[in-house]
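First listed ligand is number 1; within each ligand, the first listed atom is number 1.
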Amino acid sequence: MAGRFSLSTANTLSHFASIMKPKILIQFDPDAHASTFDSIVAIDSGVDQLLQRANVTERDIEGLVHGAMFTRGVKDLCRTALFFGGSNVENTEALVAAAKKCFFGPMRVSIMSDPNGSNTTAAAAVLSAEKHGSLSEKKIVILAGTGPVGQRIAKIIASAASVVSASIFVCSRKLEKATSVVDDLSSSMDVPTGIELQPAQAGSVDEAAELTRDADVVFAAGAAGICLMDDRWQQNDRQQILIDINAVPPSGIAGVEVMDTGEQRGNSVCYGAIGVGGLKMKIHKLALQKLFETNDLVLDTETIYQLGTSLA
Ligand code: NAP
């Protein structure tokens, strides 16, 4: 009797130990120090254990990912997930690609890629614009669209099922750079026939004013502290949506305040970096929570945007 009781108790304990396995997030960062921002968001989104690995190179990935894949049984792999951050987007993308190659059959864990916050920020910027209507049939200008955030804004809009047709201008100070980015983007995805993805030069506030005069939506995705557009938009009769992603003064679009969250200014609806950042944080936390629902989720630019649509 006592033996049967012990066995049953052991089974029950083992069952609970299994369902109670802590949610472990492993944060991979190619930088010298794993991003404190990414660590804090991970803790705030409810992970039980955060393991941080800094200075991670492609050579390290196989061993580190195997450690995550082979420690727990298949049914518990959904309690382990990988997050890839870092300030150099190309380095991080190489780590993500290497990690995916380690998986086979059911032996995999969910992963999220958000180098420098680029995926969550781009998703939040596009979703902020979409709060004011569909982006279909709109002229969309992405100033300094050659950086990680700008490129992802272009990619999200060009691939969104809700956008049937649109003209998307990816701008740079140099036309050759914009052309090269548009060529790369176009070859990395199936651009629907209704979407015109075009390079444009906007190397001065005058060129930016000219290009954006008849735009419906303008994203300013320039480097921190760079003003790309002056306040001539305030004289524009046209209703525009202006989204500035740069959080460091001066504003990327003069006259748009960093806290603006759909503020009506003249004929335009304005978002500043903190206004976009609120939604970005919600998307980031939701994405981290989703990682632990299954062991085969891959959260990248498009899937993070899709997840964000449930919040916006
Ligand atoms: P980035 O790579 O640093 O810069 C984007 C583009 O800005 C560059 O490709 C470059 O384009 C242009 N640029 C660089 N220096 C310039 C200068 N001196 N004058 C004019 N243009 C210049 O930016 P990112 O990583 O994509 O991020 C975009 C913005 O989002 C940044 O301001 C970043 O701080 C901000 N951010 C905000 C959040 C948030 O939550 N709000 C989160 C992440 C990032 P060309 O060389 O082609 O002209």
Student: Using distance alone, with no hydrogens and no angle criterion, decide if S204 and D206 have a side-chain donor and acceptor under 3.5 Å apart.
Tutor: no
Student: Any chance the rings of H66 and F103 have centres within less than 6.0 Å?
Tutor: no
Student: Can an N or O of P148 be found at a distance shorter than 3.5 Å from an N or O of ligand 1?
Tutor: yes
Student: Among all protein heavy atoms, pick the one closest to atom 41 (N) of ligand 1 and tell me residue, atom and distance.
Tutor: A273 O, 3.3 Å
Student: So F28 and F84, would you call those rings parallel, tilted or perpendicular, with 30° and 60° as cut-offs?
Tutor: tilted
Student: Which is closest to atom 40 (O) of ligand 1 by heavy-atom distance: H284, K174, K280?
Tutor: K280
Student: How close do P115 and S113 get, heavy atom to heavy atom, and via which atoms?
Tutor: CD-OG, 3.4 Å
Student: Please determine if A221 has a nitrogen or oxygen closer than 3.5 Å to a nitrogen or oxygen of ligand 1.
Tutor: no
Student: Please report which non-hydrogen protein atom sits nearest to atom 18 (N) of ligand 1, along with the residue it belongs to and the distance in Å to one decimal place.
Tutor: I226 CD1, 3.4 Å
Student: Rounded to the nearest 0.5 Å, how far apart are CG of L25 and CG of L50?
Tutor: 5.5 Å
Student: When you compare ligand 1 with A224, is there at least one nitrogen or oxygen pair between them that comes in under 3.5 angstrom?
Tutor: yes
Student: State the atoms of ligand 1, each with its element, that fall below the 4.0 Å cut-off from a heavy-atom position in A144.
Tutor: 6 (C), 7 (O), 12 (C)
Student: Between E93 and R152, does at least one N-O distance fall below 4.0 Å, as a salt bridge requires?
Tutor: yes
Student: I'd like to know if D216 and R238 make a salt bridge, using a cut-off of under 4.0 Å between side-chain N and carboxylate O.
Tutor: yes
Student: Run the side chain to side chain donor-acceptor pair (under 3.5 Å) test against Q234 and tell me which residues pass, sequence neighbours left out.
Tutor: none
Student: Could you check atom 11 (O) of ligand 1 against the protein and tell me its nearest heavy-atom contact, residue, atom and distance included?
Tutor: T146 OG1, 3.0 Å
Student: Look at atom 33 (C) of ligand 1 and say whether a protein heavy atom is found at less than 4.0 angstrom from it.
Tutor: no
Student: I'd like to know whether NZ of K138 has more than 12 heavy-atom contacts from other residues, nucleotides or ligands below 6.0 angstrom.
Tutor: yes
Student: Check ligand 1 against S172 and write out every atom of the ligand that is under 4.0 Å from a heavy-atom position of the residue.
Tutor: 45 (P), 47 (O), 48 (O)
Student: Heavy-atom pairs closer than 4.0 Å: do any link ligand 1 to the side chain of N246, the backbone, both, or neither?
Tutor: both
Student: Is ligand 1 less than 4.0 angstrom away from at least one heavy atom of N116?
Tutor: yes
Student: Just going by heavy-atom distances, which of Q151, M281, R152, R173 is nearest to atom 10 (C) of ligand 1?
Tutor: R173
Student: Is the closest heavy atom of A247 to ligand 1 under 4.0 Å?
Tutor: no
Student: Heavy-atom contacts with G147 under 4.0 Å: which atoms of ligand 1 show up? List them by number with element.
Tutor: 2 (O), 5 (C), 9 (O), 26 (O)
Student: Under a 4.0 Å N-O cut-off, is there an ion pair linking D260 with R265?
Tutor: yes
Student: Can you find an N/O atom of A223 closer than 3.5 Å to an N/O atom of ligand 1?
Tutor: yes
Student: So which protein heavy atom does atom 30 (O) of ligand 1 come closest to, and at what separation?
Tutor: I245 CG2, 3.2 Å
Student: Work out which heavy atom in A224 is nearest to a heavy atom in V248; give both atom names and the distance.
Tutor: CB-CG2, 3.7 Å
Student: Give the residue and atom name of whichever protein heavy atom lies nearest to atom 31 (C) of ligand 1, and the separation in Å to one decimal.
Tutor: G222 O, 3.1 Å
Student: Should K139 and D214 count as an ion pair when the cut-off is N to O under 4.0 Å?
Tutor: yes
Student: Taking both backbone and side-chain atoms of V149, is any N or O found less than 3.5 Å from an N or O belonging to ligand 1?
Tutor: yes
Student: Quick test: of every protein heavy atom, which one is nearest to atom 42 (C) of ligand 1, and how far off is it to 0.1 Å?
Tutor: T121 OG1, 2.9 Å
